[in-house]
Amino acid sequence: MAISTLLIIILIILLIGAVPTWPHARSWGYAPSGLLGTVLLIVVILALLGQI
């Protein structure tokens, strides 16, 4: 359970850093945050199901 919790925390931090409102990420658009959000959603679902 510790690995999945750590992975979720890291993905949340990456998702916050990729939001296009930050000056360094403004030109990226929504692709990085959308991709990280999708990965985060999959990891949370797998963690809740006990697969990771």
Side-chain angles (χ1 to χ4, degrees):
M1 189 66 177
I3 286 271
S4 62
T5 305
L6 183 64
L7 185 61
I8 290 171
I9 291 171
I10 290 171
L11 285 172
I12 289 172
I13 291 171
L14 288 172
L15 182 64
I16 291 170
V19 174
T21 58
W22 297 102
H24 69 275
R26 190 163 286 149
S27 65
W28 297 348
Y30 286 98
S33 59
L35 180 66
L36 285 172
T38 304
V39 171
L40 178 64
L41 182 66
I42 292 170
V43 169
V44 167
I45 290 172
L46 288 175
L48 289 174
L49 293 175
Q51 299 295 320
I52 59 171

Answer yes if Leu46 and Leu11 sit in the same cluster of Ile, Leu, Val, Met, Phe, Trp and Tyr residues linked by side chain heavy atoms under 4.5 Å apart, and no otherwise.
yes
Does Leu7 belong to the same Ile/Leu/Val/Met/Phe/Trp/Tyr cluster as Leu41, with side-chain heavy atoms less than 4.5 Å apart forming each link?
no
Listed partners of Ile9 passing side chain to side chain contact (heavy atoms under 4.5 Å, CB included), at least two apart:
Thr5, Ile13
Same hydrophobic cluster for Ile12 and Leu15, using side-chain heavy-atom links shorter than 4.5 Å among ILVMFWY?
yes
Between Leu6 and Leu36, is there shared hydrophobic-cluster membership here, with clusters defined by ILVMFWY side-chain heavy atoms closer than 4.5 Å?
yes
Membership question, hydrophobic clusters at under 4.5 Å side-chain separation (ILVMFWY): are Leu35 and Ile42 in the same one?
no
